[in-house]
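Because only heavy atoms are used, hydrogens play no part in the values below, and waters and symmetry mates are left out as well, while side chains stay in. Position 1 is the first residue of the sequence, and the numbers go up from there.
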Amino acid sequence: MVDRLANSEANTRRISIVENCFGAAGQPLTIPGRVLIGEGVLTKLCRKKPKARQFFLFNDILVYGNIVIQKKKYNKQHIIPLENVTIDSIQDEGDLRNGWLIKTPTKSFAVYAATATEKSEWMNHINKCVSDLLSKSGKTPSNDHAAVWVPDSEAAVCMRCQKAKFTPVNRRHHCRKCGFVVCGPCSEKRFLLPSQSSKPVRICDFCYDLLSTGEMTACQSTRSDCYSQSPKSSLNDVSDDDDDEDSSD
């Protein structure tokens with residue numbers, strides 16, 4: 001069906017509408033062979049709190065952005081190549097239900113659908129697109145995934161030293177390797193993680209020690225593992241606490 005829709009007028013029109021909704025700030029989305037599979041609003045677990053985001057699934061990319069005017073205007077467009085994506089279901093917990101992890105080498109995060117049926121459809125379609133892409137390219141699924149960041153609200157104290165309490169003065173930071181919420185003294189070092197940045201990024205002391213000694217696998221106790229069981233400049237950069245993938249996150 002995808003091949004049949006690839007060059008259809010209806011598909012071209014649908015993609016054009018999505019492009020127009022993102023305006024001049026968005027990247028062009030119309031390329032030969034690209035098909036818009038589906039779209040919808042998902043709740044994305046951001047640093048501060050869960051937020052509604054508009055998602056568009058194409059046969060080769062996943063696009064999402066902030067909702068300015070539903071079905072008319074979106075901003076802060078993000079494009080994720082699907083061949084780098086793996087997804088994992090998340091068990092329901094409290095108000096967070098029907099969720100799954102979207103994991104890539106550069107960023108990983110949790111999203112939640114309104115219903116179990118919607119979750120199943122999203123996951124099935126994403127997996128099918130990824131499988132088709134890998135089959136055509138001959139590539140293997142990516143095993144390198146960025147950590148899923150622990151939301152700020154889940155850490156009243158530093159998750160490494162277990163002592164420093166967070167206040168307006170003592171701010172929260174995130175280790176780019178494990179995703180833990182840590183205090184400044186526990187995350188003063190930087191390490192080059194090429195899949196995430198061309199420059200060294202903030203990591204906690206624990207991960208730094210493991211990475212420096214080459215014990216990479218020991219540093220993989222990421223938020224992904226926690227979710228499967230239950231639900232980024234200078235060191236003093238003022239924007240460090242707000243540099244999640246969305247500046248508003």
Side-chain angles (χ1 to χ4, degrees), residues 1-22 26-46 51-67 70-71 74 76-91 97-148 195-196 222-224 227-228 245-246:
M1 186 182 81
V2 170
D3 292 337
R4 191 170 67 248
L5 290 173
N7 299 309
S8 71
E9 184 178 334
N11 177 65
T12 301
R13 186 169 58 251
R14 291 177 65 200
I15 295 178
S16 178
I17 291 173
V18 176
E19 281 186 345
N20 291 336
C21 286
F22 279 103
Q27 295 185 38
L29 299 172
T30 303
I31 65 170
R34 177 169 289 164
V35 176
L36 178 58
I37 305 296
E39 59 186 271
V41 177
L42 298 174
T43 298
K44 179 176 175 291
L45 196 60
C46 301
K51 297 178 182 178
R53 296 287 185 258
Q54 180 72 28
F55 281 78
F56 299 94
L57 176 63
F58 297 82
N59 59 328
D60 61 334
I61 58 174
L62 182 66
V63 178
Y64 71 92
N66 295 4
I67 302 169
Q70 183 62 46
K71 297 186 180 297
Y74 309 109
K76 296 184 180 177
Q77 181 194 68
H78 298 273
I79 300 178
I80 302 174
L82 281 178
E83 66 177 14
N84 296 328
V85 169
T86 58
I87 58 176
D88 288 328
S89 181
I90 305 172
Q91 293 183 5
R97 309 181 67 81
N98 311 313
W100 67 98
L101 296 177
I102 296 175
K103 302 189 295 184
T104 81
T106 55
K107 70 176 67 175
S108 302
F109 53 90
V111 292
Y112 297 85
T115 66
T117 299
E118 187 179 341
K119 168 186 175 177
S120 178
E121 290 177 347
W122 271 100
M123 292 188 70
N124 288 338
H125 284 306
I126 292 174
N127 275 328
K128 179 64 166 60
C129 290
V130 173
S131 177
D132 288 346
L133 283 171
L134 294 176
S135 177
K136 290 179 181 179
S137 68
K139 296 180 180 180
T140 57
S142 175
N143 291 318
D144 180 22
H145 305 121
V148 179
S195 62
Q196 295 190 38
T222 67
R223 187 59 179 165
S224 302
Y227 271 116
S228 66
E245 62 279 0
D246 303 325

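Taken to the nearest 0.5 Å, the CD atom of Glu39 stands 8.5 Å off from the CD1 atom of Ile17. Here CD1 of Ile126 is found 5.0 Å from CD1 of Ile87. Values are rounded to the nearest 0.5 Å. The CG atom of Leu29 sits 9.5 Å away from atom CG of Asp60, with the distance rounded to the nearest 0.5 Å. Separation of atoms CD1 (Ile90) and CG (Leu45) is listed at 8.0 Å; rounding is to 0.5 Å. Atom-to-atom distance recorded for Trp100:CH2 and Thr86:OG1 is 14.0 Å, nearest 0.5 angstrom. Rounding to the nearest 0.5 angstrom, the gap separating the CG atom in Asn59 from the NZ atom in Lys136 is 6.5 Å.
Using modelled atom types, one side-chain atom of Asn11 and one backbone atom of Leu36 make a donor-acceptor pair closer than 3.5 Å. At distances below 3.5 Å, not a single donor-acceptor pair connects side-chain atoms of Arg34 with backbone N or O atoms of Phe58. Side chain of Gln77 to backbone of Gln27: a donor-acceptor contact under 3.5 angstrom is found.
The neighbour count for Asn124 CG, taken as heavy atoms of other residues, nucleotides or ligands under 6.0 Å away, is above 12.
Every residue meeting the ring pair (Phe, Tyr, Trp, His ring centres under 6.0 Å) condition with Phe55, not counting sequence neighbours, appears here in chain and number order: Tyr64. Residues forming a side-chain contact (heavy atoms from CB on, under 4.5 Å) with Thr115 (at least two apart in sequence, or on another chain): Thr117, Glu118. Residues meeting the side-chain contact (heavy atoms from CB on, under 4.5 Å) test with Asn84, sequence neighbours left out: Pro81, Pro105. Phe56 meets the ring pair (Phe, Tyr, Trp, His ring centres under 6.0 Å) test with Tyr74; sequence neighbours excluded. Considering only residues two or more places apart in sequence or on other chains, Lys139 meets the side-chain contact (heavy atoms from CB on, under 4.5 Å) condition with Glu83, Leu134, Ser137. Considering only residues two or more places apart in sequence or on other chains, Ala52 meets the side-chain contact (heavy atoms from CB on, under 4.5 Å) condition with Val41, Ile67.
You'll find the side chain of Lys107 reaches within 4.5 Å of the side chain of His78, heavy atoms only. Looking at Gln54 and Cys21, their side chains never come closer than 4.5 Å, going by heavy atoms from C-beta outward.
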Quick one, Asn98 with Trp122, criterion side chain to side chain contact (heavy atoms under 4.5 Å, CB included). Give me CA distance, side-chain angles, the key distance, then yes/no.
CA-CA 11 Å; Asn98 311 313; Trp122 271 100; over 6 Å; no

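The heavy-atom pair separating Met123 from Ser89 by the smallest distance is CE-N, 3.8 Å. The two residues Arg97 and Tyr112 have their closest heavy-atom pair at O-CD2, 3.2 Å. Residues Leu82 and Cys129 share a closest heavy-atom pair of CD1-CB, 3.7 Å. In plain terms, the two heavy atoms of Val148 and Ala110 that are nearest each other are CG1-N, 4.5 Å.
A salt bridge links Lys128 and Asp132; the closest N-O separation between the charged side-chain nitrogens and carboxylate oxygens is under 4.0 Å.
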